[in-house]
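So the structure is just underneath, and the comments pick up after that.
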There are 2 protein chains.
Amino acid sequence: MLQPAITRAITEAVLDEWAAHGYARLSMEAVAKRAGVGKSALYRRWPSKQEMAIAAISEFSVARAVVPDTGALRTDLRETLDALMEWLTHPRFSRILPDLVAETARNPELAGVVAAMIGTPRRERATVMFRRAIERGELREDTDLELVQDLLAAPVYWRLTVRAAEAEPGYLDALADLLLRAIGAQDGEQK
Amino acid sequence: MLQPAITRAITEAVLDEWAAHGYARLSMEAVAKRAGVGKSALYRRWPSKQEMAIAAISEFSVARAVVPDTGALRTDLRETLDALMEWLTHPRFSRILPDLVAETARNPELAGVVAAMIGTPRRERATVMFRRAIERGELREDTDLELVQDLLAAPVYWRLTVRAAEAEPGYLDALADLLLRAIGAQDGEQK
DNA sequence: TCTGGACGATACGGAACCGTCCCGACCAAA
DNA sequence: TTTGGTCGGGACGGTTCCGTATCGTCCAGA
């Protein structure tokens, strides 16, 4: 009975406000105002600010999946890095993400949602990608995937988000080269 | 004329409150109470909350320097990683840091202080370390230090802080191995 | 002994915000 | 045409907090 268009407008407003001011300063009044909506519309949908925020996060993290499967590790890697870069450059997500990292350290409930909605699916997709590379003989069977995963996303997050530096065009290529060398990837043709 | 012991107590309280609740929820009242001090003591020292917070950050980032110089890149690298791990496991710093990352994206003045107090000195020290390795012939002269720096701190930050996962004992060793392979380090003896 | 400044405590005005409540307008289904 | 639920708007009590102001106390230096 609640109008979906209004729910959508509110969710958008939450994400915008979140990106602009951070979770701690997220105010119901500001969200309602930005959405062009009465506060009643918010409390008709969620019992509290935290519930509303969690709903918005669940929404925004959905469905940006797709496991790259180009047939070679190098190109799979590049596609993953490209997607990551896009994610971390997006004007909204790139501002919400570090805020989320800081907040999850203090808010277990939020931490659970973030892990379930973002962390876990991302890692699962990357694992599929690496397993395919192992099957193709591009990676040793005993490769420490846990460790390799850290090397995949970490440098991009570090550069773009933590250091707030930009990444010049060739950056992802150079990074992919380094990663392939680090994990001792074999060309599929070679032994 | 202001009592240094009280200034110190306040700074400690700021950092504790910051670690516990985050910058956005940092309250002057709570700081004063935790320090066992009147609010007047705070405003006698700093004109506002932001100034006080910036002073506290400048304090806490000071002097944890030391460029490792063991004579070999591998061991230098390990010492750097050890120091980084300690830093990111410290109960106070590890909670303030992600909050700082999130806040700097919104607060240019804070961003400046953090860059000057933490980012820049850290990178300069790492650069010294890599230059020594180049002089010893352990690294190629045209190594992209910018890129290598990302690979050094990023994985540890990613694992400990972003993912909030623990690092088992052998983790730093395995990471150092990977890094050395990635940057194509030569043993000093070899050509 | 006098005195100025820092000290802890606390009251204050003003602002922001949470969550509740109530209003009249609107609309779709009965 | 009636009715039930959502809509935007906004008042409300209660809380938290900022930054200022005002106490009486304490102490070091003149």
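Within every chain, numbering begins at 1; the chains are lettered A, B, ... in the order of the sequence lines, protein sequences first and strands thereafter. The shown structure was predicted, so the numbers you read here are calculated from the model rather than taken from an experiment.
Atom CD of A:Gln50 has more than 12 heavy atoms from other residues, nucleotides or ligands within 6.0 Å.
Under a 3.5 Å cut-off, the side chain of A:Thr143 and the backbone N or O of A:Leu139 do not form any donor-acceptor pair. At distances below 3.5 Å, at least one donor-acceptor pair connects side-chain atoms of B:Arg45 with backbone N or O atoms of B:Ala41.
Per the geometry, CD belonging to B:Glu29 stands 15 Å off P belonging to C:dG8, to the nearest Å. Rounded to whole angstrom, the span from the CD atom of A:Gln50 across to the P atom of C:dG19 amounts to 10 Å. As rounded to whole Å, 15 Å separates atom P of C:dG8 from atom NZ of B:Lys33. Between the P atom of C:dT20 and the CH2 atom of A:Trp46 lies a distance of 15 Å, rounded to the nearest Å. Across the protein-nucleic acid pair, B:Arg44 atom CZ and C:dG4 atom C1' stand 13 Å apart, rounded to whole Å. The distance between atom CZ of B:Arg45 and atom P of C:dG5, rounded to the nearest whole Å, is 16 Å. Residue B:Tyr43 contributes atom OH, which lies 15 Å from atom P of C:dG8 at whole-angstrom precision.
Across all strands shown, A:Leu26 has heavy atoms under 4.0 Å from sugar-phosphate atoms exclusively, and none from any base.
When DNA chain D is scanned in the 5' to 3' direction for atoms under 4.0 Å from non-hydrogen atoms of chain B, the outermost contacting nucleotides are D:dC17 to D:dT20.
Remark: B:Asp82 engages B:Arg78 in a salt bridge (Lys or Arg N to Asp or Glu O under 4.0 Å) (not counting sequence neighbours).
Residue B:Ile6 places its side chain closer to C:dC7 than to any other of C:dC7, C:dG19, C:dC17.
The 5' end of DNA chain D is approached more closely, in terms of each residue's nearest nucleotide, by A:Ser40 than by the other of B:Ala30 and A:Ser40. Along DNA chain D, the nucleotide nearest A:Gly36 and the nucleotide nearest B:Lys39 are compared for position; the residue whose nucleotide lies closer to the 5' end is A:Gly36.
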Item to check | Verdict with supporting geometry, B:Leu81 and B:Leu152, side chain to side chain contact (heavy atoms under 4.5 Å, CB included) | outcome: CA-CA 8 Å; B:Leu81 290 177; B:Leu152 182 57; 3.9 Å; yes
Checklist entry - Passes salt bridge (Lys or Arg N to Asp or Glu O under 4.0 Å), B:Arg163 versus A:Glu146? Steps please. => result CA-CA 12 Å; B:Arg163 289 188 47 218; A:Glu146 190 75 8; 3.4 Å; yes
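Rounding to the nearest 0.5 angstrom, the gap separating the OH atom in A:Tyr43 from the CE atom in A:Met28 is 4.0 Å.
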